[in-house]
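Remember, predicted model here, so these are calculated numbers, not experimental data. Residues: numbered from 1 along the sequence shown. The figures that follow rest on heavy atoms only: side chains count, while hydrogens, waters and symmetry mates do not.
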Amino acid sequence: MLKKVKLQALSVVLCLLAVAALGACGSSQDQALVDGEYPMGPLAFAGVDAVYALRRIAAEAGLVLFIDEYRPRELERHDLRFLRVDQDFEAGPVAPVLAQLREQTGNRFDYRVENGLLHIRSTRVEGEQNVLEEPRLPAASLEGDFRDLLRWLRAQEPMSLIGEGDVMGQPVLHKVKLDIPDRSSIMDVLAMYARAVPVSIHLLRAGYEYEEGNSARLVSNAVGLWGPMLSKETLPPYRRRGSVLSTVADVSDRAGANVCVLDRTVLNDARGALDFASGVDRGWPLEEAIERLARYGSNSPSVREIYTWTFDDGLYKLRSARFDYYLTGHDLLQQKVKGGEFEGTLGHLGRWLNQNRESPSEKVFVSGEIDPDWPRAKLHIEQGTSVEEVLYQFARASGQGWNVVIKDSLSPNAKVSGTWAGAYLTRLVDWGPKGREDAASVE
């Protein structure tokens, strides 16, 4: 009897040790989803969308990325791009980073890593079983480029409605040879192609759309391609190099002036109205340049100004006409802060402002990926100071002008879990010629 009791006690102890071990790991199930170490360096995000974060994580870990999500019908309900990531990730294996990112974004996606491919599937897609997943393709040996592959897939599965998505600047003409096993699915073949090139895949599912009272309409499942995001990108992929904003940034750099801009979105991204107006610098003196650019280069008083400006305590403060016309978003800038000590870059300031307002709300600053080499400032901030004044204090102390773009909330569902309202906060210099030189442009 005593022996039986001892065995039962030993069993209980072993069970407790097993539970404790799982608790200590905290991610044993997540670790099993990744088939290797895949080491990566540290990353710090002060407000980026989940797609950007995933692309940077994949690049740092040397992985090819395959994102599978729904095509959005409403901007505020975008599957992954409207999930805001605000977190630091330490250097080390990729598995805990992916687990942390998934948790921080409300478990809105699932992931696995197999043979160097990071597969991300939105939870809105998870559980869906349609022609893209069905293992019905015949065995085949193919040699061709990306468009050849899509044509072959459509020929085999006409109802896949699979088409070309965002491929600008990507290797669509790069030819590869694929030996496709019998009973593969379209998803299997796309993963094979991604590994063979290698290039990341972005699948935006759409298929049939149906609304009550209207006939169904066919929309393609779009497949986009992405090269690895090996460096920080502080701006939208498309912007006008010859815009008023770009020219103001160039003029401020040429003259050694500290310029701060308040603007408003046009397309619900980080591009404000001043990035859509054309501007040109004729080498005018600083204040003449600022005055002329406000009228598209004209000095005629009859031309309507697209921004107003003032000079105050060493700062040139510009406010676009679109910013002044709409009141939404001004409340964020006029909120009061709790006060305290601050030290860091502009990205760190965006975080500080989100965390130290007297009346927190869903409105936040999105400040991109933090670069530790950016200019820093050390501030003592008095309680009750407005958010806008704190931004100006940072500009004076760091010598770093900024561009704030208020984000329009286009939907009454702005408070749906995972969405956000607020403003983009970026360095003004990044919008000029001395910013990110490899940025694409819209002419």
Side-chain angles (χ1 to χ4, degrees), residues 234-236 238-266 270-325 330 333 345-346 349 371 373-377 379 386 388-406 423-439 441-443:
T234 58
L235 301 177
Y238 306 111
R239 69 181 194 274
R240 293 184 63 90
R241 287 189 184 274
S243 70
V244 165
L245 181 63
S246 173
T247 307
V248 165
D250 190 25
V251 168
S252 68
D253 181 69
R254 167 173 61 80
N258 206 341
V259 180
C260 300
V261 178
L262 294 173
D263 202 354
R264 186 173 198 84
T265 65
V266 174
R271 296 176 65 192
L274 297 185
D275 191 48
F276 288 86
S278 298
V280 60
D281 177 17
R282 302 294 188 189
W284 301 304
L286 174 64
E287 293 197 357
E288 183 179 355
I290 291 176
E291 187 67 40
R292 285 177 177 264
L293 287 169
R295 293 184 170 87
Y296 293 81
S298 169
N299 62 355
S300 170
S302 63
V303 175
R304 178 170 172 251
E305 290 184 336
I306 59 172
Y307 63 77
T308 57
W309 66 276
T310 58
F311 180 73
D312 177 28
D313 194 16
L315 295 180
Y316 288 88
K317 301 177 180 180
L318 274 59
R319 298 163 63 100
S320 79
R322 185 177 177 87
F323 172 84
D324 280 333
Y325 183 80
H330 288 214
L333 295 170
T345 67
L346 188 64
L349 182 65
D371 189 328
D373 295 329
W374 283 351
R376 303 173 73 89
L379 304 175
S386 71
E388 184 176 355
E389 181 54 36
V390 173
L391 288 169
Y392 290 134
Q393 288 179 16
F394 176 87
R396 292 187 185 96
S398 67
Q400 183 84 81
W402 40 256
N403 180 43
V404 166
V405 178
I406 298 296
Y424 298 95
L425 174 63
T426 56
R427 302 189 312 162
L428 180 62
V429 67
D430 289 335
W431 293 88
K434 290 192 176 181
R436 186 165 55 88
E437 296 292 346
D438 61 337
S441 62
V442 177
E443 299 300 340

- Message: Are the side chains of L318 and T308 in contact, using a 4.5 Å heavy-atom criterion?
- Response: no

- Task: Give a yes or no on whether the ring-centroid distance for W402 and Y392 is below 6.0 angstrom.
- Result: yes

- Task: Measure across P236 and R271 and return the closest heavy-atom pair with its distance rounded to 0.1 Å.
- Result: CG-CG, 3.6 Å

- Whether D281 side chain and T247 backbone form a donor-acceptor pair below 3.5 Å: no

- Task: Using the side-chain contact (heavy atoms from CB on, under 4.5 Å) rule, take D430 and T234 through it: C-alpha gap first, then chi angles, then the decisive distance, then the call.
- Result: CA-CA 7 Å; D430 289 335; T234 58; 3.2 Å; yes

- Report yes if some heavy atom in the side chain of D371 is under 4.5 Å from a heavy atom in the side chain of T345; otherwise report no. no

- Message: Under a 4.0 Å threshold between the charged nitrogen and the carboxylate oxygen, would R396 count as salt-bridged to D313?
- Response: yes

- Message: Between E287 and R292, is the side-chain contact (heavy atoms from CB on, under 4.5 Å) condition met? List the steps.
- Response: CA-CA 9 Å; E287 293 197 357; R292 285 177 177 264; over 6 Å; no

- Task: Quick one: closest heavy-atom pair of V280 and L293, and the distance?
- Result: O-CD2, 3.6 Å

- Message: Within this structure, what is the CD-CG distance for the pair Q393 and L315, rounded to the nearest 0.5 Å?
- Response: 10.5 Å

- Task: May I ask you to check whether R240 and S278 show a side-chain donor-acceptor distance below 3.5 Å?
- Result: yes

- Query: Below 4.5 Å, heavy atoms only, C-beta onward: do R254 and L286 meet side chain to side chain?
  - Reply: no

- Item | Closest approach of I306 to V244 (non-hydrogen atoms, all atoms of both residues) | CD1-CG2, 3.7 Å

- Task: Would you confirm whether D253, through its side chain, and G432, through its main-chain N or O, come within 3.5 Å as a donor-acceptor pair?
- Result: no

- Looking at R264 and D324, does any basic side-chain N land under 4.0 Å from a carboxylate oxygen? no

- Taking the side chain as every heavy atom from C-beta outward, state whether V404 and L391 have any pair of such atoms under 4.5 Å apart. yes

- Task: Measure across V251 and A289 and return the closest heavy-atom pair with its distance rounded to 0.1 Å.
- Result: CG1-CB, 4.0 Å

- Task: Identify whether NZ of Lys or CZ of Arg in R319 sits under 6.0 Å from the centre of the six-membered ring of W309 and within 45° of that ring's axis.
- Result: no

- Query: Where do H330 and F323 come nearest, in terms of heavy atoms and distance?
  - Reply: NE2-O, 2.8 Å

- Query: Does any N or O in the side chain of S246 come within less than 3.5 Å of the main-chain N or O of R241, such that one atom is a donor and the other an acceptor?
  - Reply: yes

- Might you work through the side-chain contact (heavy atoms from CB on, under 4.5 Å) test for Y424 and N403, ending with a clear yes or no? CA-CA 8 Å; Y424 298 95; N403 180 43; over 6 Å; no

- Tested for side-chain contact (heavy atoms from CB on, under 4.5 Å) against Y307, the lone hit among V261, D263, L245, V248 is V248

- Query: Are any non-hydrogen side-chain atoms of R304 and R295 less than 4.5 angstrom apart?
  - Reply: no

- Mutual orientation of the aromatic rings belonging to Y316 and F311 [parallel < 30°, tilted 30-60°, perpendicular > 60°]: tilted

- Message: When you compare the side chain of S252 with that of N258, does any pair of heavy atoms fall below 4.5 Å?
- Response: no

- Task: Determine whether the side chains of D275 and S243 contain a donor N or O and an acceptor N or O closer than 3.5 Å.
- Result: yes

- Item | For R427 against W431, the heavy-atom pair lying closest together | O-CD1, 3.4 Å

- Task: Kindly indicate whether the side chain of L333, heavy atoms from C-beta on, has any atom under 4.5 Å from the side chain of L262.
- Result: yes

- Check step by step if side-chain contact (heavy atoms from CB on, under 4.5 Å) holds for T265 and I406. CA-CA 6 Å; T265 65; I406 298 296; over 6 Å; no

